[in-house]
Amino acid sequence: MAFDCYCALCGVGFCGMHIEAPSETATERRRRWIEKRCRALQAGRDIGQVSEGEETEDPVRSYDPRIVGWDNISWLYKAHCLGWNESAPAGTSKAFISDEGYYADSGELVVKARSDRDRPRSQRVFSCYGHGSEEAPGPVLPFHWCCFEILTRTLTGASDTENVNMDVLYNVMTPLCNMSSSALQLSYGNDVERAQGRYWECIPGAEYCATHPTNTPGIDEYIQTALETNSGLKTSSAELNLRGRDPTSPFGRLPLEIVYQICMFLPGDAVKALGQASLSIHLVTQDNLFWKKFMQRDMPWLWELQGAKSRKIPQDVNFKRLYMWLNRITAPRYGMDDVKLIGVANRRRIWGVCEELADRYHESLPQPTVSG
Ligand SMILES: [Zn+2]
């Protein structure tokens with residue numbers, strides 16, 4: 001039986017990406033299609049609940065040519081896999097990463113062997129998620145290379161893929177698949193899970209899921225322009241007039257440094273909500289330095305901001321507002337259509353999946369032996 005398998009890290013397929021031919025009628029039909037589903041989501045319904053009866057038009061089953069093109073979608077067709085080689089020499093890693101290949105069908109990943117006279121076989125065929133094949137017993141886990149690069153950053157904090165302990169990684173990933181899997185049991189997001197049928201479905205409005213997550217040239221300029229021109233990011237927080245009030249919440253009894261540390265480990269929305277409820281928290285989180293640090297900790301996937309020492313951040317930028325703004329514009333959501341933002345939104349989504357794996361990976365990593 002023919003079927004698709006999906007990337008273990010981002011959950012998206014390796015083939016079957018359809019982009020609609022540009023035309024005005026198609027664009028208009030697509031707009032109505034997405035609008036209807038956005039309304040359903042706002043009303044707390046699922047997109048899948050927009051029933052056939054409500055539909056007067058033929059279904060749209062392709063991506064928007066104004067948002068995606070082959071340049072930012074072709075990365076999906078290049079597949080690698082993580083497998084296990086029982087006969088690897090002692091002392092070396094048994095888990096291995098295959099060369100680049102492509103997804104054939106029915107769970108099979110084909111990797112053309114490099115031209116090597118010692119190797120008579122011209123290609124190697126791996127069996128994704130299932131029983132394994134002659135090439136590798138046990139499941140192999142397919143992925144896109146840039147998804148693996150994102151995973152490497154979540155696991156090691158740096159970009160060198162050589163520093164990943166492949167054996168540990170393989171052993172934390174395989175328990176998340178079963179015989180009938182076509183992806184791992186991880187939270188890839190609603191828009192991806194809806195598309196993971198027997199075949200990948202190109203859901204209009206979910207283009208961001210298929211957009212290149214690391215090659216995102218537009219975001220730098222987008223942020224820089226906003227920093228310079230968006231006055232909403234500059235207004236400083238209104239000074240709070242305590243009018244003799246004394247903070248009395250439980251946080252008020254803790255040393256400021258502890259409250260600061262607690263806030264640092266909360267999600268952004270929680271810090272904001274807590275700041276509204278507790279005067280102590282509000283006071284601690286008033287300064288720019290707090291939000292600057294908070295942003296670095298909470299948005300590791302936004303490496304344009306992390307590493308950009310050269311970025312000219314105007315003196316009068318309010319970092320709390322900057323954080324809230326970035327958090328909002330990069331949040332993956334159905335119906336996103338800004339080409340400068342969809343790649344980063346996808347990266348943020350994939351980072352979340354990789355973090356689930358990173359927690360398990362760090363728990364399983366052999367503890368370094370302390371010497372001397
Ligand atoms: Zn992927």
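Order of appearance sets the numbers: ligands from 1, and atoms from 1 within every ligand.
- In the displayed structure, Lys94 atom NZ is contacted under 6.0 Å by more than 12 heavy atoms of other residues, nucleotides or ligands.
- Ring pair Trp70/Tyr77 is perpendicular by interplanar angle, where above 60° counts as perpendicular and below 30° as parallel.
- The number of protein N, O or S atoms lying under 2.8 Å from the Zn ion (ligand 1) is 4.
- The aromatic rings of Phe290 and Phe294 sit parallel to each other, their planes meeting at less than 30°, with 60° as the upper class boundary.
- Neither side chain, Trp200 nor Gln196, offers a donor N or O lying under 3.5 Å from an acceptor on the other.
- Aromatic rings from Tyr102 and Phe14 are positioned such that their centres are separated by 6.0 Å or more.
- Neither side chain, Asp4 nor Tyr103, offers a donor N or O lying under 3.5 Å from an acceptor on the other.
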